[in-house]
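Below is one structure, written out as structure tokens, with a few remarks after it.
Remember, predicted model here, so these are calculated numbers, not experimental data. To find a chain, count down the sequence lines: A is the first, B the second, and so on, and within it residues start at 1.
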Amino acid sequence: MRFSAPRGTHDILPDQQPLWRYVEGKAAEMARRFGYQRIETPEFEDADLFIRSVGQGTDIVEKEMYTFEDKSHDKLSLRPEGTAPVCRAYVEHGMASLPQPVRLYYFAPIFRYERPQAERYREHHQFGVEAIGDGDASIDAEVIEIGWRFIESLGLGRMTLVLNSIGDKECRPAYLQALREHYAKNLDRVCPDCKMRFEKNILRVLDCKRTDFECQVVANGAPKTTDVLCAPCRTHWEQLNSYINALGIPTVHNHRLVRGLDYYTRTVFEIQPPEEGAQSTVLAGGRYDGLIEEVGGRPTPGIGFGIGIERLIGNLKRQGLADAIKAPGVDALVASMGATARTAGLKLASQLRQEGLSVVLAPATKSLKGQLRHADSVQARAVIILGEDELASHTVTLKDMAKSEQTRVSMADVVKAIKGLISSQ
RNA sequence: GUGAGCGUGGCCAAGUGGUUAAGGCGCGGGAUUGUGGAUCCCGAGAUCGAGGGUUCGAGUCCCUUCGCUCACCCCA
């Protein structure tokens, strides 16, 4: 019986690891610069955490969660998004009594039961950032800037920041009513899905992309949240825009940007690459001022985003920025001929590793030629050759693979000689 | 959940229904004694996703099934 990785999942093979480590390193570095600390939460949580926070009517909760019962009949779900678990941890560990805001970031696999397609997976990975405990628009700008500067630091240019405000508990009901009235008048012009959304989750009609009906026309003509924000939301929105502007981040306003999760309030944003792919968004986030309370804490504002690593890496590859990220070779390969030399090589390799060098032993059964070929395949910078001659004279042959030069070095000087050879490159 | 396309050795890939299923990459070995990357030579590795059917004969046609991919939906 042969097995393959479950549908929608993928192995991240050794040749891809340098790229992944590179991206994660850049993310962690950007988080560090902004004073964010890493947090890790479990891969699964109480299912109700997501049902309550993400929202009963959302696709994520309704049909995409990996939910199961364990042997003690607890209902658990594989993490379908990153924010709710962090908020749960914030409340559970009393982070409200820490200096606010609490600045956190994470790397986490995300699980959603969806039909896989280009850059959409059942398990994907996100780098996320959450700032909890400060409702000021300057924190919105800070969080957005982290994402922007991170993407920028990878060399991905020409991205677009799309920004919108969807109001809060004060002004949204009135807006939804206005939206409902607009759609009630145009219901015969929109697609069946929009008719469904009209009943179920009116806000979602705005991001309908169908062109076989008049959804685009109707949505474009719909009232805009940013026109009807209550005074506090309006101030927040205006401040955010002035901050983002001050940071020099180019912005596109899109009144049709809503988001699929129920907990968002006020600020919502995405960062998209220039090409119009089906799954083009690499970063998405927003403010969630009611979420902490929803998961059992005191009313506390928060904002954050998630970045899909697979999509980000896809962009790097498409723009030719991934090729340069390669695994380094090993420092040295030890080749030996004969049983006695083999033992000596084993000892020498061990000694070199304790000196901090990366060393591999050549396959013992191969000819010297084969062992040197192996040195190429592991991109060894140096090769140490041990044979009868070397053993007899207590020396090794040290070969510089780049220069194709070799010298005899006494056993006592091997470490120094190799370190010299490597640092000269 | 809906629709479309595709499944040939580890990877890429040719193959008008007709003898032992090309080729490339990669892998293993070799080209006179203990020396790599180039070149050359040799070699291993495929029940052509699986099952059934049509046919004298099927990788090639039909059906079923599984898988993969892409799009819709939705999302990172």
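- Between A:E29 and A:K26, none of the side-chain N atoms (NZ, or NE/NH1/NH2) sits under 4.0 Å from a carboxylate O, so this pair counts as no salt bridge.
- For B:C40, the paired base is B:G30 (Watson-Crick or G-U wobble, both distances below 3.5 Å).
- Across A:R256, A:E214, A:H255, a single residue satisfies side-chain hydrogen bond (donor to acceptor under 3.5 Å, both in side chains) together with A:N220, and that is A:R256.
- Among the candidates A:R52, A:R88, A:K169, the single residue satisfying the salt bridge (Lys or Arg N to Asp or Glu O under 4.0 Å) test with A:E294 is A:R52.
- The distance between atom CD1 of A:I307 and atom P of B:C75, rounded to the nearest whole Å, is 18 Å.
- Pairing for B:G45 is absent, judged as Watson-Crick or G-U wobble with the two contacts each under 3.5 Å.
- Applying the ring pair (Phe, Tyr, Trp, His ring centres under 6.0 Å) test between A:F127 and each of A:F150, A:Y36, A:Y106, A:W20 identifies A:F150 as the sole match.
- Judged by distance alone, the side chain of A:R311 and the main-chain N or O of A:E119 form a donor-acceptor pair under 3.5 Å.
- Cation-pi geometry between A:R122 and A:Y113 is satisfied (NZ or CZ under 6.0 Å from the ring centre, within 45° of the ring normal).
- Rounded to whole angstrom, the span from the CG atom of A:N201 across to the C1' atom of B:C75 amounts to 14 Å.
- For the pair A:Q117 CD and B:A76 P, the interatomic distance rounds to 14 Å; values are reported in whole Å.
- Rounding to whole angstrom units, NE2 of residue A:H10 and C1' of B:C68 are separated by 15 Å.
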Going 5' to 3' through nucleotides 32-37 of chain B, assign each nucleotide B (protein heavy atom under 4.0 Å from a base atom), S (under 4.0 Å only from sugar-phosphate atoms) or - (no protein heavy atom that close). --BBBB
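- Straight-line distance from the CE atom of A:M196 to the C1' atom of B:C73: 11 Å, rounded to whole Å.
- Using Watson-Crick or G-U wobble geometry with both donor-acceptor distances under 3.5 Å, B:A58 finds no partner in any strand shown.
- Separating the CG atom of A:L312 from the C1' atom of B:A76 is a distance of 10 Å, rounded to the nearest angstrom.
- The CZ-C1' distance, from A:F111 to B:A76, rounds to 14 Å in whole Å.
- In the set B:U69, B:A76, B:G29, B:A76 carries the atom at the smallest distance from any side-chain atom of A:R311.
- Mapped onto RNA chain B by nearest heavy atom, A:S4 and A:G370 fall at different nucleotides, with A:G370 at the one closer to the 5' end.
- Across the strands present, B:C70 finds its partner in B:G3; the criterion is a Watson-Crick or G-U wobble pair with both atom distances under 3.5 angstrom.
- Taking the charged nitrogens against the carboxylate oxygens, A:R259 and A:E270 do have a contact shorter than 4.0 Å, which makes a salt bridge.
- Taking the P atom of each, B:U69 and B:U8 are spaced 13 Å apart, rounded to whole Å.
- Here the C1' atom of nucleotide B:C25 and the CG atom of A:D15 are 15 Å apart, to the nearest Å.
- Using a 4.0 Å heavy-atom distance criterion, A:Y121 is classed as a base contact.
- Searching all strands for a Watson-Crick or G-U wobble partner of B:A14 with both distances below 3.5 Å returns nothing.
- Between A:P116 and A:R259, the residue anchored closer to the 5' end of RNA chain B is A:P116, taking for each the nucleotide with the nearest heavy atom.
- A close approach under 4.0 Å does not occur between any side-chain nitrogen or oxygen of A:R7 and OP1 or OP2 of B:G67.
- Within the 4.0 angstrom heavy-atom criterion, only backbone atoms of the sugar-phosphate kind lie near A:A284; the bases stay farther away.
- Sparse packing is recorded around CD of A:Q37, with 12 or fewer heavy atoms of other residues, nucleotides or ligands lying under 6.0 Å away.
- B:C12 and B:U55: their C1' atoms are spaced 33 Å apart (whole Å).
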